[in-house]
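If you read the sequence from its start, that first residue is 1, and numbering goes on from there. Remember, it's 1-based here, ligands and their atoms both numbered in the order they're listed.
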Amino acid sequence: MKKKLIAGNWKMNGGLAANEALLTALNAGLDSARADVAVCVPAPYLSQVAALRGGLELGAQDLSAHEAGAYTGEVSAAMLREFGVRYVIVGHSERRQYHGETDDVVARKAQRALAAGLVPIVCVGETLEQREAGQTEQVVKRQLAAVIHLNGHCISEIVVAYEPVWAIGTGKTATPQQAQAVHAVLRAQLQAASAHADRIHLLYGGSMNAANAAELLAQTDIDGGLIGGASLKAPDFLSIVAAASALAT
Ligand code: PEP
């Protein structure tokens with residue numbers, strides 16, 4: 001079994017003092033971690049977190065689909081690289097929903113990340129309406145297909161996060177069986193595109209917390225978690241890391 005990856009998504013939260021306290025608490029508890037652990041932080045804090053990250057990998061929450069130039073407010077892949085960023089979330093449902101990001105834009109962002117040597121964490125997931133209409137498989141396959149289409153040659157370098165939109169920030173979690181079923185679909189799709197698909201980390205995200213992490217992470221095709229709310233509280237995030245470590249062989 002490969003080492004699990006636990007990535008925190010701080011979203012638009014934090015402040016200099018709060019970040020420092022959180023990072024200090026996380027690093028104090030990471031010593032025995034047998035999982036890769038990352039924090040995806042707001043862009044203005046990359047420099048601060050790069051200096052204080054200790055054993056944590058540094059991640060960003062978005063990047064531009066463009067290389068450089070007149071794109072006010074955007075942050076390029078090369079800029080993220082300069083701050084020591086390893087992971088960058090692309091296609092989070094909040095970006096798709098509030099910023100109109102299409103499958104094509106998400107695929108191009110993943111392409112920019114890969115070209116710069118960053119690991120894109122590509123988010124896919126269905127809304128409640130789509131799940132109730134029986135469209136879950138169709139939706140996540142369409143979202144992932146766009147990324148595979150543009151990045152097929154290096155698809156084994158990506159991370160995929162299955163994040164059912166109805167489970168994000170709602171306290172409703174997919175059952176381990178529901179999550180595993182979708183992960184198996186995504187794994188099969190990746191296997192059809194790459195001989196190295198088994199090494200791709202497939203993360204589950206959506207109200208993962210200290211209480212439900214162990215059962216979710218024990219599923220065959222769940223290789224880690226993308227954690228929103230619980231990543232802002234050191235004890236909760238560390239409990240999830242401990243659950244992942246306990247599964248390491
Ligand atoms: C997320 O934003 O990626 C997420 C999974 O959030 P939460 O854990 O708060 O549901």
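- Sorted by chain and number, the heavy-atom contacts of ligand 1 below 4.0 Å come from N9, K11, H92, E163, A167, I168, G169, G205, G206, S207, L226, I227, G228, G229.
- Scanning both residues, Y204 and P164, for their nearest heavy atoms gives CE1-CD, 3.7 Å.
- For T24, the side chain to side chain contact (heavy atoms under 4.5 Å, CB included) test picks out E20, with sequence neighbours left out.
- The hydrophobic cluster containing Y87, built from Ile/Leu/Val/Met/Phe/Trp/Tyr side-chain heavy atoms closer than 4.5 Å, also comprises L5, I89, V119, I121, V159, L203, L226.
- Salt bridge K3/D223: absent, no basic N to carboxylate O contact under 4.0 Å.
- Applying the 4.5 Å side-chain rule to ILVMFWY residues, one finds that M12 remains a lone member of its cluster.
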Show the numbers, then the answer: is there a side-chain contact (heavy atoms from CB on, under 4.5 Å) between L217 and M208?
CA-CA 10 Å; L217 292 170; M208 191 186 273; 4.0 Å; yes
